[in-house]
Amino acid sequence: MGVTVDVHQVFQYPFEQVVACFLRKYPNPMDKNVISVETVEEKKDESTGLIYRKRIAICQNVVPEILRKVSILKVPDIQLEEESWLSLQKRNMAIRSHCLTWTQYASLREESVFRESVENPNWTEFIQRGRISITGAGFLNCILETFASAFLRQGAQKGIRIMEMLLKEQCGSPLVE
């Protein structure tokens, strides 16, 4: 079956500032679930200027204790892989991320874009679609998908709040025009 979560946000800051803030966002005391983020690959295509990055995030397992009675859910940490393609020329960054933990039972994929806003070239639009699908857990599939959907929705909103706070701290008040 699966569930999908869509997020849309306009940051009233220039693209370059938003992307720089995103790349430094974690770890952060406002979200203690993200333990570490490590860039494992980075390369620039000299002909196009496109910058490719692959990062691995280690996050605390946030599955409720009652569900961790199921042995496959009893892991301390969860690994996520994020790939991004940044074009400063086009003022666009595409991001794909997926969970590396529990791949035989669950699929968690997010696709995101940061791009110059059509409303105002000094603003940045953020669009994200997350999809979670659980298999192989029998009657727990639906319960786990419901939990994962709520967690993904809350996590997206928390991520936006963190970005807004970091942008304000690092760049000052938003550009309202």
Side-chain angles (χ1 to χ4, degrees), residues 3 5-42 51-68 73-86 88 91-103 106 108-117 122-132 144-176:
V3 290
V5 174
D6 292 315
V7 176
H8 181 261
Q9 176 73 24
V10 174
F11 295 102
Q12 295 180 341
Y13 293 88
F15 173 79
E16 293 77 9
Q17 290 178 342
V18 172
V19 167
C21 185
F22 172 79
L23 292 171
R24 292 189 307 263
K25 183 168 133 185
Y26 294 115
N28 181 309
M30 286 183 63
D31 191 346
K32 299 200 185 305
N33 292 329
V34 181
I35 299 165
S36 68
V37 177
E38 181 184 347
T39 300
V40 293
E41 185 178 349
E42 185 170 334
I51 301 168
Y52 168 81
R53 280 184 193 88
K54 183 188 291 189
R55 304 191 308 169
I56 302 293
I58 307 293
C59 304
Q60 288 182 8
N61 183 352
V62 294
V63 172
E65 205 58 46
I66 187 81
L67 295 175
R68 288 196 214 183
L73 299 177
K74 201 184 286 186
V75 297
D77 301 327
I78 298 167
Q79 287 192 341
L80 302 169
E81 179 182 85
E82 172 193 275
E83 294 179 282
S84 64
W85 297 264
L86 171 61
L88 292 172
R91 300 187 83 203
N92 178 301
M93 184 165 83
I95 305 158
R96 270 197 326 234
S97 55
H98 64 274
C99 187
L100 298 173
T101 307
W102 301 314
T103 55
L108 165 62
R109 298 198 175 282
E110 287 181 345
E111 294 187 5
S112 310
V113 174
F114 286 101
R115 66 183 181 204
E116 183 179 291
S117 172
N122 290 316
W123 294 355
T124 305
E125 191 173 10
F126 173 65
I127 301 164
Q128 182 178 66
R129 171 165 273 186
R131 179 149 178 78
I132 300 168
L144 291 170
E145 282 181 353
T146 301
F147 167 75
S149 172
F151 181 75
L152 192 61
R153 205 175 255 94
Q154 290 169 352
Q157 292 307 314
K158 185 184 215 178
I160 287 170
R161 283 193 309 274
I162 291 170
M163 285 286 294
E164 289 282 3
M165 190 200 81
L166 292 174
L167 283 162
K168 193 169 186 179
E169 278 179 8
Q170 296 170 15
C171 307
S173 294
L175 296 170
V176 182

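What you see is a predicted model, and the numbers here were worked out from it, not measured in a lab. This chain uses plain numbering: 1 for the first residue, then up along the sequence.
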>> I need the minimum non-hydrogen distance between Ser36 and Pro27, along with the two atoms involved.
In response: CA-CG, 4.3 Å
> Between CZ of Phe11 and CD of Glu164, what distance do you get to the nearest 0.5 Å?
Replying inline: 5.5 Å
>> Counting C-beta onward and ignoring hydrogens, is there a side-chain heavy-atom pair between Leu108 and Leu80 closer than 4.5 Å?
In response: yes
>> I need the minimum non-hydrogen distance between Glu83 and Tyr52, along with the two atoms involved.
In response: OE2-OH, 2.5 Å
>> Just verifying a value: how many Å separate Phe114 CZ and Asn92 CG, rounded to the nearest 0.5 Å?
In response: 11.0 Å
Enumerate, atom names and distances included, each donor-acceptor pair closer than 3.5 Å involving a side-chain atom of residues 149-156, sequence neighbours excluded.
| from | atom 1 | to | atom 2 | distance (Å) |
| --- | --- | --- | --- | --- |
| Ser149 | OG | Arg153 | NH1 | 3.1 |

> Under 4.5 Å between any side-chain heavy atoms of Glu81 and Val40, yes or no?
Replying inline: no
> How many angstroms lie between CD in Glu16 and CG in Leu86, if you round to the nearest 0.5 Å?
Replying inline: 9.0 Å
> Given side chains that start at C-beta, do those of Glu111 and Val113 come closer than 4.5 Å, heavy atoms only?
Replying inline: no
> What distance do Thr101 atom OG1 and Asn61 atom CG have between them, rounded to the nearest 0.5 Å?
Replying inline: 8.5 Å
> For Ser112, which of Gln128, Arg96, Arg129 qualifies under side-chain hydrogen bond (donor to acceptor under 3.5 Å, both in side chains)?
Replying inline: Gln128
>> Check this for me: does any side-chain nitrogen of one of Arg53 and Glu42 sit under 4.0 Å from a carboxylate oxygen of the other?
In response: yes
> Which heavy atom in Asp77 sits nearest to a heavy atom in Gln60, and how many Å separate them?
Replying inline: OD1-CA, 4.2 Å
>> Nearest 0.5 angstrom please: Trp85 CH2 to Ile95 CD1, how far?
In response: 9.5 Å
> Is there side-chain contact between Lys158 and Asp31, with at least one heavy-atom pair below 4.5 Å?
Replying inline: yes
> Looking at CD of Glu125 and CZ of Arg91, how far apart are the two atoms once the value is rounded to the nearest 0.5 Å?
Replying inline: 13.0 Å
> For Asn33, does its backbone N or O pair with a side-chain atom of Tyr26 as donor and acceptor, under 3.5 Å?
Replying inline: no
> Between Arg55 and Glu82, is there a side-chain N and carboxylate O pair less than 4.0 Å apart?
Replying inline: yes
> So do Phe126 and Met163 actually touch side chain to side chain, heavy atoms under 4.5 Å?
Replying inline: no
> Taking Thr124 for the side chain and Tyr13 for the main chain, is one N or O donor matched with an acceptor at less than 3.5 Å?
Replying inline: yes
>> Can you give me the closest heavy-atom contact between Lys25 and Leu166, atom names plus distance?
In response: CA-CD1, 4.0 Å
> Which is it for Trp123 and Val18 under the side-chain contact (heavy atoms from CB on, under 4.5 Å) test, yes or no, and what are the steps along the way?
Replying inline: CA-CA 9 Å; Trp123 294 355; Val18 172; over 6 Å; no
